[in-house]
K.L.:
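Before we start, here is the structure in question, set down as structure tokens.
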Amino acid sequence: MKNFKSTLGNIVWICKPFWKYGKLYIILSVCISAIYTPIDDLIYVWFPEIIINMLNAGRAFGAIALVAALICGASFLNNAVRKLARAYFNKRKAGVEVLANQEIYRKAMRLDYRYIDSPEYYDNYAWAVNEYSNQMEAARQLLIDFFQCVLSLIVLVSIIATLGPWILLAEILEMFLISRINVLANKMQIREKDELIPVERRLGYFHRLFYMKDYAADVKSTPLGEKVLAEHCKTGEKKVKVVGSYAWKIEMLYNCQELVFSVTELIVVLYIVKSIISGRIAEVGMYMTLMLSFYRLDTRIHNLTFVLSDANVLSMNVEKIRNFFNMKSEIEVQDDEKVKPATGNFSVELKDVGFSYENSEFSLSGLNLKINPGEKVAIVGENGAGKSTFVKLLLRLYDVKDGEILINGKPIKDYDIHVLRQQIGVAFQNTNIYAMSLAENISLYGNISGKSMIETAEKLGLDEVTKKNKTDYNAELTREFYEDGILLSGGEAQKVALARVMSRDFSLLLLDEPSSALDPIAEYKMSEAILSAANKATTIIIAHRLSTIRDADKIYVFDHGKIVESGTHDELMAKSGHYCEMFSKQAENYVRE
């Protein structure tokens with residue numbers, strides 16, 4: 001009973017998008033499709049008996065032809081209505097699927113960033129993305145098949161009950177045995193699919209390595225390709241092993257089903273033959289009706305057992321999709337009672353902040369700093385010192401484990417995080433360029449005036465992209481969809497990232513090594529634009545090239561997750577500490593060059 005409730009609950013849940021986005025569609029599709037089959041069964045079973053009885057009664061050819069034409073006409077209309085309705089159903093189905101898939105993307109947007117670190121999240125997300133619309137359609141079809149079978153069974157059982165009641169007993173026993181075998185087979189298939197998900201995901205990763213541009217150079221210029229092939233081979237062997245371990249067992253269960261089918265058919269045929277010999281079935285037409293009813297009933301019972309079996313499979317598949325939708329977030333939640341940040345430049349303060357990733361030895365500890373509104377602050381340190389993690393904490397992609405972060409004197413947790421982020425501009429070292437126009441890529445944070453966008457782009461030298469490609473800011477970037485799309489260099493991509501955050505007013509700018517791919521002249525322009533009085537926003541810039549942040553109001557030096565030094569460039573150089581050592585080594589490299 002518990003399993004039945006769970007199965008029913010999962011089917012109802014997966015059908016919610018239909019009810020939400022297409023009530024009329026789901027009602028009509030189930031009703032029209034379900035009614036079609038029993039009408040077809042009725043015509044199929046009675047048509048021969050009617051014609052045979054008319055022949056035995058000596059009716060004229062014209063009368064028989066008229067009755068046959070009426071029955072065939074009814075059959076045609078039954079099929080025609082269903083097929084005409086199907087055109088409407090297909091259009092509405094596509095619309096519902098689009099809207100339903102958007103629910104997955106919205107859910108992904110509202111999940112905490114910490115899930116990105118979890119392989120389980122990717123398994124659940126991949127399953128939901130690939131299977132949500134499929135399982136929705138499977139549920140709709142299951143409802144149709146169920147009502148088709150039930151209505152057909154009512155019609156056929158009514159006919160057979162008056163002629164051969166023992167046939168019904170044999171069919172019921174068959175249905176019970178088949179359904180039990182199906183349950184066992186379905187459980188095996190689900191276990192097989194569960195074992196294959198991480199294997200298929202790994203194979204999919206290897207597949208991407210061979211066709212994505214990001215990896216093409218490494219594949220061609222290093223032994224990466226051979227290493228990936230070796231790993232692909234190992235993973236492929238795992239897949240073969242998993243499939244092989246279940247294949248024979250599942251097919252043996254299906255052979256058991258065939259045995260039950262054959263034995264039931266033998267019993268029913270012998271029963272009908274015995275009835276004919278004993279004289280219980282006298283009329284040829286009735287005999288024909290009984291035989292056709294039996295075979296049709298047998299088909300519908302088989303269908304019903306498969307429907308019930310499919311319901312079990314569907315439930316287990318839906319359960320995995322629900323796992324994705326049931327993932328809880330602590331940060332990315334909508335709460336109208338949260339504080340909306342005031343406009344104007346932010347102040348930022350960290351008080352004894354500590355943080356660590358799960359299953360990692362890295363940690364930040366004892367971070368204390370205060371940034372006044374409008375200040376330009378730089379964060380420096382060696383790779384792995386915690387600089388990028390610091391940015392993620394300010395975006396509240398993660399929550400601190402110890403201490404607190406204050407924005408304008410209030411804990412960051414008190415703010416509506418989505419509104420807060422709208423006032424924070426971010427430029428990361430690895431800039432994502434999207435298959436949209438150059439203008440759309442620059443205005444990623446929202447609509448900006450064309451004049452402002454062009455002025456910022458020209459300051460950063462992005463106008464060179466349009467000039468050399470003989471186009472304008474409406475040109476498509478990437479070649480994801482168009483052969484003539486513009487491909488940007490790493491430096492040009494970083495200029496786009498900077499243009500995004502400098503084309504409009506933000507309360508806080510977070511720049512994570514935004515000049516790593518820029519040439520010296522472009523880097524100078526970038527530094528001038530960020531640290532000049534023209535930039536009114538509170539700005540935190542993470543820098544690897546220390547020459548770019550000499551004019552920062554204050555510099556914080558990170559080392560192994562702690563702030564070890566702070567001050568202006570001159571103050572830090574006078575201390576002859578960690579910063580002075582890093583700056584001097586970089587200066588020596590420039591002199592050698």
Side-chain angles (χ1 to χ4, degrees), residues 2-11 13-14 101 104 107-108 111 114-139 141-142 178-212 215 226-258 305-328 358-359:
K2 183 179 179 181
N3 185 55
F4 172 76
K5 288 182 178 179
S6 175
T7 298
L8 184 61
N10 285 331
I11 292 173
W13 181 86
I14 197 67
N101 279 329
I104 298 175
K107 178 65 178 180
L111 282 175
R114 62 187 170 87
Y115 284 116
I116 303 298
D117 302 325
S118 169
E120 180 185 0
Y121 165 79
Y122 278 107
D123 287 342
N124 288 337
Y125 176 74
W127 182 268
V129 167
N130 293 329
E131 293 294 331
Y132 194 28
S133 58
N134 291 339
Q135 299 307 320
M136 280 171 49
E137 177 57 22
Q141 191 59 51
L142 185 137
I178 294 301
S179 64
R180 297 308 303 163
I181 294 172
N182 276 338
V183 168
L184 294 175
N186 291 336
K187 287 182 178 179
M188 283 191 184
Q189 288 175 331
I190 291 295
R191 286 200 297 269
E192 178 186 27
K193 192 173 288 189
D194 283 340
E195 290 185 32
L196 284 176
I197 285 176
V199 177
E200 293 287 7
R201 188 161 64 85
R202 191 168 178 81
L203 289 174
Y205 172 71
F206 296 144
H207 175 66
R208 294 197 304 274
L209 293 183
F210 283 103
Y211 80 82
M212 291 186 70
Y215 312 110
E226 293 301 324
K227 290 182 179 180
V228 172
L229 283 174
E231 289 299 318
H232 184 277
C233 185
K234 291 179 184 177
T235 308
E237 289 174 358
K238 290 181 182 178
K239 178 178 180 179
V240 171
K241 185 177 180 180
V242 171
V243 172
S245 67
Y246 288 98
W248 287 102
K249 296 176 184 177
I250 292 172
E251 292 307 322
M252 287 300 294
L253 287 172
Y254 286 146
N255 277 330
C256 289
Q257 285 184 345
E258 292 300 327
T305 60
F306 286 122
V307 167
L308 297 176
S309 172
D310 289 344
N312 190 35
V313 173
L314 175 64
S315 176
M316 288 185 278
N317 288 336
V318 170
E319 194 70 38
K320 295 173 71 63
I321 297 173
R322 294 185 77 171
N323 288 340
F324 171 74
F325 280 97
N326 289 336
M327 297 176 85
K328 302 297 183 183
E358 293 182 11
N359 304 317

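Numbering of residues begins at 1 and proceeds along the displayed sequence.
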K.L.:
Rounded to the nearest 0.5 Å, how far does CE of M188 lie from CD of E251?
P.N.:
11.5 Å
K.L.:
Any idea which heavy atoms bring A311 and I11 closest together, and the distance?
P.N.:
CB-CD1, 4.0 Å
K.L.:
Once rounded to the nearest 0.5 Å, what's the spacing between atom NZ of K107 and atom CE of M327?
P.N.:
8.0 Å
K.L.:
Answer yes or no: is there a side-chain heavy-atom contact under 4.5 Å between Q141 and E137?
P.N.:
yes
K.L.:
Can you give me the closest heavy-atom contact between S6 and S315, atom names plus distance?
P.N.:
O-OG, 3.8 Å
K.L.:
Output yes when R202 and E231 qualify as a salt bridge under the 4.0 Å nitrogen-oxygen rule, no when they do not.
P.N.:
yes
K.L.:
Would you check, one step at a time, whether the test side-chain contact (heavy atoms from CB on, under 4.5 Å) holds for I14 with Y132?
P.N.:
CA-CA 8 Å; I14 197 67; Y132 194 28; 3.6 Å; yes
K.L.:
List the residues meeting side chain to side chain donor-acceptor pair (under 3.5 Å) with Y246, not counting sequence neighbours, and say none if there are none.
P.N.:
E195
K.L.:
Would you mind reporting whether K249 and L184 have side-chain heavy atoms less than 4.5 Å apart?
P.N.:
no
K.L.:
Please determine whether the number of non-hydrogen atoms from other residues, nucleotides or ligands lying under 6.0 Å from atom NZ of K239 exceeds 12.
P.N.:
no
K.L.:
When the ring planes of F325 and W13 are compared, do they come out parallel, tilted or perpendicular, using 30° and 60° as the limits?
P.N.:
perpendicular
K.L.:
How about L111 and F324: do any of their side-chain heavy atoms sit closer than 4.5 Å?
P.N.:
yes
K.L.:
Between E200 and L203, is the side-chain contact (heavy atoms from CB on, under 4.5 Å) condition met? List the steps.
P.N.:
CA-CA 5 Å; E200 293 287 7; L203 289 174; 4.0 Å; yes
K.L.:
Would you give the length of the straight line joining atom CD1 of I321 to atom CD of E131, rounded to the nearest 0.5 angstrom?
P.N.:
6.5 Å
K.L.:
Enter the distance from K328:NZ to Y115:OH here, rounded to the nearest 0.5 Å.
P.N.:
9.0 Å
K.L.:
Look up atom OG in S245 and atom CZ in R191, then write down how far apart they are to the nearest 0.5 Å.
P.N.:
9.5 Å
K.L.:
Do L196 and V243 touch side chain to side chain, with heavy atoms closer than 4.5 Å?
P.N.:
yes
K.L.:
List the atom of I181, the atom of C256, and the distance in Å for their closest heavy-atom pair.
P.N.:
CD1-CB, 3.8 Å
K.L.:
With a 4.0 Å cut-off, would you call R322 and E319 a salt bridge?
P.N.:
no
K.L.:
Out of curiosity, N255 CG to I250 CD1, how far, rounded to the nearest 0.5 Å?
P.N.:
12.5 Å
